[in-house]
Protein chains: 2
Amino acid sequence: MNNPLIRKLQQFTKLSSDERQVLEQVAAEGVRQLGTREDIIREGDKPQALNLILSGWACRYKHLEDGRRQIIAFFLPGDLCDNHVFVLREMDHSVGTLTPVTFAQIPRRRIDEITLEYPRVTQALWWESLVNTAIQREWTVSLGQRDALERMAHLLCELFLRLRSVGLTQENRCELPLTQSELADAMGLSTVHVNRTLQELRAANLIVLKGRTLTIPDLDALQSAGQFNPNYLHLEHEGRHLDANE
Amino acid sequence: MNNPLIRKLQQFTKLSSDERQVLEQVAAEGVRQLGTREDIIREGDKPQALNLILSGWACRYKHLEDGRRQIIAFFLPGDLCDNHVFVLREMDHSVGTLTPVTFAQIPRRRIDEITLEYPRVTQALWWESLVNTAIQREWTVSLGQRDALERMAHLLCELFLRLRSVGLTQENRCELPLTQSELADAMGLSTVHVNRTLQELRAANLIVLKGRTLTIPDLDALQSAGQFNPNYLHLEHEGRHLDANE
DNA sequence: GTCGTTGCATAACCCATGTTAAGGCGATCT
DNA sequence: AGATCGCCTTAACATGGGTTATGCAACGAC
């Protein structure tokens with residue numbers, strides 16, 4: 001079973017094979033691919049479909065008039081970009097890729113069908129979308145109150161746990177295909193300061209970051225450096241976590 | 001008609017008298033009152049009901065271990081605190097009052113009934129909750145990219161337009177019952193710097209702030225000082241705005 | 001190969017914002 | 001009337017993080 005959405009939703013509730021099948025099907029239709037740094041959808045567009053990330057990393061972002069950019073959220077495999085956005089007339093932000101990305105465009109009609117026929121799936125999709133808004137709230141806390149080191153540590157913990165919940169970690173390692181300048185845009189810091197901060201985390205042995213691989217030698221230590229409390233991720237089934245290769 | 005929720009939802013869609021009536025009814029049951037600086041719901045609680053603010057101001061907030069506090073969102077009359085939170089096991093943040101507040105506790109069962117019987121109301125509640133998450137995203141942009149002056153100007157524009165959409169403005173004036181320290185907790189600034197920033201806005205004739213009354217002599221000017229673009233509020237019916245006394 | 005490009009690292013300097021501290025003023029209590 | 005309290009204001013000083021600039025390594029194009 002390789003569908004990261006199913007894997008993630010099962011953190012919240014058990015799904016029957018019927019339910020899993022409808023999700024598999026949905027993820028197999030309307031599959032698209034994009035390269036690095038392309039837009040999936042742009043500010044001003046009228047959203048007609050729901051996008052499900054199947055592989056690769058993307059982000060929600062917004063530009064200010066003078067060129068400053070804020071990355072508002074990261075999308076990992078299994079993430080849905082904006083459940084039910086079609087209620088709104090037009091996009092108030094853009095979604096772009098950070099790596100090559102495979103995603104499924106799920107038409108509105110399919111969502112409506114699922115809502116009618118599969119209440120438990122509907123509930124699980126609700127959960128996924130509420131968790132995403134909880135993540136957004138936590139970013140508000142980070143940007144408002146945490147200093148650069150805490151902010152960075154916090155983000156890395158979040159990304160690691162989110163990847164783990166879709167089986168994309170190996171022991172204490174995961175991919176981190178972000179440039180320092182993308183990290184900067186997400187954390188409201190300059191690239192120079194992101195660099196300083198990463199050095200500091202390395203010097204404290206809180207992370208090992210080489211190329212695109214992040215290793216977290218002591219997750220508890222990193223969590224406390226970032227004042228990280230995982231409760232906002234609402235991963236209700238704690239316990240054992242499966243690595244990618246299990 | 002004094003129900004601010006109905007007033008707000010009608011920005012999005014017309015409601016029939018049946019639909020308005022069910023909302024009136026919902027807002028009349030389970031009404032509670034609290035004074036200033038009391039909690040409506042606390043981090044760790046299991047939410048059993050949806051809270052609808054009828055009058056007064058409240059906020060979502062979170063404390064860090066060392067006492068720092070971030071205000072994550074402001075709630076104004078007509079706002080619902082977390083649509084469908086009951087999908088989640090427990091609250092990951094608290095909601096507290098900033099002024100005396102009247103609110104209605106809407107039990108989960110009532111929501112389910114409405115969802116079944118009134119699709120247009122359901123749609124409108126969807127809209128309200130999507131707008132709230134759009135506001136949260138915009139706060140991420142403010143905290144990440146805007147400097148103190150822009151941030152402040154932006155927030156004041158947002159609050160003014162949100163109040164106007166529920167009829168709580170008079171011409172270019174509205175109430176602003178926040179202390180500078182509450183503003184500071186919301187904007188990720190120190191109280192001293194909030195004070196400096198307000199002085200600067202006053203000196204530029206962008207705002208008049210006396211007591212709890214905010215006057216905005218030139219909304220366009222304030223908007224451009226804050227790089228404020230109202231699109232994220234998704235107020236689809238532009239045009240004429242009714243003041244409180246009309 | 002070598003030329004551009006992209007990302008990482010580091011240094012010197014600077015400024016927006018934080019910190020600490022003190023005083024003022026209006027509301028409320030006694 | 002005096003005392004207390006919450007909130008606003010201002011000043012002096014400190015600092016986290018921004019800016020600008022430069023070098024260097026990896027990589028792809030041709």
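Note that this is a predicted model, so its numbers are computed, not measured.
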Does the [X] side chain pair with the main chain of [Y], one donor and one acceptor, at a distance under 3.5 Å?
X: A/D39; Y: A/R42; result: no
X: A/T99; Y: A/W57; result: yes
X: A/S190; Y: A/H193; result: yes

Provide the start and end nucleotides, 5' to 3', of the part of DNA chain C that has atoms under 4.0 Å from heavy atoms of chain A.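 Listed 5' to 3', the contact boundaries are C/dG7 to C/dA12.
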
What does B/G188 touch in the nucleic acid at a heavy-atom separation under 4.0 angstrom: a base, only the sugar-phosphate, or nothing?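 Sugar-phosphate, backbone atoms only, no base.
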
[Y] and [X], any side-chain heavy atoms less than 4.5 Å apart:
X: A/L149; Y: A/L201; value: yes
X: B/N229; Y: A/D92; value: no
X: B/L161; Y: B/P230; value: yes

If you look only at pairs with a residue in residues 146-192 of chain B, which of them pass as a ring pair (Phe, Tyr, Trp, His ring centres under 6.0 Å), with sequence neighbours excluded?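 As it turns out, the ring pair (Phe, Tyr, Trp, His ring centres under 6.0 Å) pairs with a partner in residues 146-192 of chain B, which skip direct neighbours, are B/H154-B/F228, B/H154-B/Y232.
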
Protein-nucleotides 6-10 of chain D N/O pairs closer than 3.5 Å?
residue: D/dC7; atom: OP1; partner: B/R37; partner atom: NH2; Å: 3.1
residue: D/dC8; atom: OP2; partner: B/Q180; partner atom: N; Å: 2.9
residue: D/dT9; atom: OP1; partner: B/R202; partner atom: NH2; Å: 3.4
residue: D/dT9; atom: OP2; partner: B/Q180; partner atom: NE2; Å: 2.7
residue: D/dT9; atom: OP2; partner: B/N195; partner atom: ND2; Å: 2.9
residue: D/dT9; atom: OP2; partner: B/R202; partner atom: NH2; Å: 3.3
residue: D/dT9; atom: O5'; partner: B/N195; partner atom: ND2; Å: 3.4
residue: D/dT10; atom: OP2; partner: B/Q199; partner atom: NE2; Å: 3.3

Check each of B/N195, B/D185, B/T191 against B/Q180 using the side chain to side chain donor-acceptor pair (under 3.5 Å) test, and report the only one that passes.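 Checked B/N195, B/D185, B/T191 against B/Q180; only one passes side chain to side chain donor-acceptor pair (under 3.5 Å): B/N195.
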
Using a distance-only test with no angle check, is there a side-chain donor-acceptor pair under 3.5 angstrom linking A/N132 and A/E128?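 Yes.
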
Flag the pair A/E38 and A/R32 as a salt bridge only when some basic side-chain nitrogen lies within less than 4.0 angstrom of an acidic carboxylate oxygen.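 No.
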
Does a side-chain N-to-carboxylate-O contact under 4.0 Å join A/E182 and A/R37?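 Answer for the salt bridge query: yes.
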
Are any protein N/O atoms closer than 3.5 Å to N/O atoms in nucleotides 25-27 of chain D? If there are, list each pair with its distance.
none

Who passes salt bridge (Lys or Arg N to Asp or Glu O under 4.0 Å) against A/E29, sequence neighbours left out?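 Residues passing salt bridge (Lys or Arg N to Asp or Glu O under 4.0 Å) with A/E29: A/R110.
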
Output the rounded distance in Å from CD (A/E200) to P (D/dT15).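 Result: 16 Å.
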
Send over the distance from A/D66 CG to D/dT19 P, rounded to a whole Å.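 Atom CG in A/D66 sits about 11 Å away from atom P in D/dT19.
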
To the nearest 10 degrees, how far apart in direction are the end axes of the helix from C/dG1-D/dC30 to C/dT30-D/dA1, each fit to five base pairs?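 Here the local axes at opposite ends form an angle of 40°.
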
Give a yes or no on this: more than 12 heavy atoms of other residues, nucleotides or ligands lie within 6.0 Å of atom CZ of A/R202.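 Yes, CZ of A/R202 has more than 12 neighbouring heavy atoms, counting only those of other groups under 6.0 Å.
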
